[in-house]
Amino acid sequence: MSERAKAHVARRIVIRGRVQGVGYRAFVEREALGRGLTGWVRNCRDNSVEAVLAGQSGLVADLIAACRRGPFNARVDSIDERAATPDELALRGGEQFAVLRSI
């Protein structure tokens with residue numbers, strides 16, 4: 001594995017489309033835990049889903065690619081992505097990966 005793929009990153013993503021009521025948060029949690037990533041996911045009032053993902057850059061990129069597909073009944077129209085802040089990552093409350101309350 002290249003040094004770039006091993007680098008630790010934290011990314012914040014906002015997923016838009018038909019992503020609520022289709023098991024999207026459970027999908028992200030399962031996929032993140034399967035890759036050994038940390039972070040969280042939650043629904044937002046504007047019907048989007050927001051997530052913060054942290055871990056090896058290659059694994060984070062793989063999960064973001066999986067989020068573009070989503071679970072079976074989802075329809076992903078767009079994903080906005082940027083670097084996550086340490087404060088955003090800290091919201092998970094000590095769990096490896098958390099499903100947070102909706103905002």
Side-chain angles (χ1 to χ4, degrees):
M1 184 178 290
S2 72
E3 288 304 312
R4 182 177 178 273
K6 292 180 186 179
H8 190 275
V9 299
R11 305 296 295 168
R12 177 186 172 270
I13 61 174
V14 176
I15 306 102
R16 291 185 173 78
R18 188 176 60 235
V19 293
Q20 290 192 15
V22 294
Y24 202 94
R25 290 177 299 165
F27 167 82
V28 173
E29 178 184 34
R30 182 177 59 252
E31 294 290 321
L33 290 171
R35 288 170 172 82
L37 300 178
T38 59
W40 53 263
V41 62
R42 66 181 169 195
N43 284 341
C44 299
R45 280 186 211 103
D46 66 359
N47 294 318
S48 66
V49 170
E50 176 184 26
V52 170
L53 314 167
Q56 291 181 355
S57 63
L59 296 173
V60 171
D62 287 347
L63 180 50
I64 293 170
C67 286
R68 291 188 191 288
R69 293 183 302 274
F72 177 71
N73 289 323
R75 184 194 75 242
V76 177
D77 294 335
S78 67
I79 294 182
D80 296 330
E81 179 184 348
R82 67 162 172 80
T85 68
D87 287 342
E88 288 171 326
L89 187 57
L91 290 176
R92 75 180 193 279
E95 299 173 69
Q96 180 177 343
F97 199 89
V99 176
L100 302 180
R101 285 186 12 215
S102 299
I103 60 162

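- The two residues Val49 and Val19 have their closest heavy-atom pair at CG2-O, 3.4 Å.
- Looking only at side-chain heavy atoms (C-beta outward), His8 and Val60 stay at 4.5 Å or farther from each other.
- Contacts of Arg18 classified as salt bridge (charged side-chain N to carboxylate O under 4.0 Å, His left out), with partners at least two apart in sequence or in another chain: none.
- Heavy-atom minimum distance, Gln20 versus Cys44: NE2-O, 2.9 Å.
- Scored by the side chain to side chain donor-acceptor pair (under 3.5 Å) test, Arg75 finds Asp77 as partners (sequence neighbours excluded).
- Applying the ring-ring contact (aromatic ring centres under 6.0 Å, His included) definition to pairs two or more places apart or across chains, those involving residues 25-62 are Tyr24-Phe27.
- Remark: Asp62 pairs with no residue by the salt bridge (charged side-chain N to carboxylate O under 4.0 Å, His left out) rule, at least two apart or across chains.
- Heavy-atom minimum distance, Leu89 versus Gly39: CD1-CA, 3.9 Å.
- Residues Val76 and Arg69 fail the side-chain proximity criterion, which asks for heavy atoms closer than 4.5 Å.
- For Thr38, there are no side chain to side chain donor-acceptor pair (under 3.5 Å) partners, not counting sequence neighbours.
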Using distance only, find each side-chain donor-acceptor pair of residues 94-103 under 3.5 Å and give its atom names and separation, not counting sequence neighbours.
| unit_1 | atom_1 | unit_2 | atom_2 | d |
| --- | --- | --- | --- | --- |
| Gln96 | NE2 | Leu37 | O | 3.2 |

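- Residues meeting the side chain to side chain donor-acceptor pair (under 3.5 Å) test with Arg82, sequence neighbours left out: Glu88.
- To the nearest 0.5 Å, the span separating CG on Leu53 from CD1 on Ile64 amounts to 5.5 Å.
- Counting only residues at least two apart or on different chains, the salt bridge (charged side-chain N to carboxylate O under 4.0 Å, His left out) pairs with a member in residues 36-49 are Arg42-Glu50.
- Partners of Asp87 according to the side chain to side chain donor-acceptor pair (under 3.5 Å) rule, which considers only residues two or more places apart in sequence or in another chain, do not exist here.
- A continuous path of Ile, Leu, Val, Met, Phe, Trp and Tyr side chains, each step under 4.5 Å between heavy atoms, connects Val41 with Val9, placing both in one hydrophobic cluster.
- With sequence neighbours left out, Glu81 forms a salt bridge (charged side-chain N to carboxylate O under 4.0 Å, His left out) with Arg11.
- Counting only residues at least two apart or in different chains, ring-ring contact (aromatic ring centres under 6.0 Å, His included) contacts with residues 48-85 are absent.
- The salt bridge (charged side-chain N to carboxylate O under 4.0 Å, His left out) pairs that include a residue from residues 30-40 are Glu31-Arg35, where partners are two or more places apart or lie in different chains.
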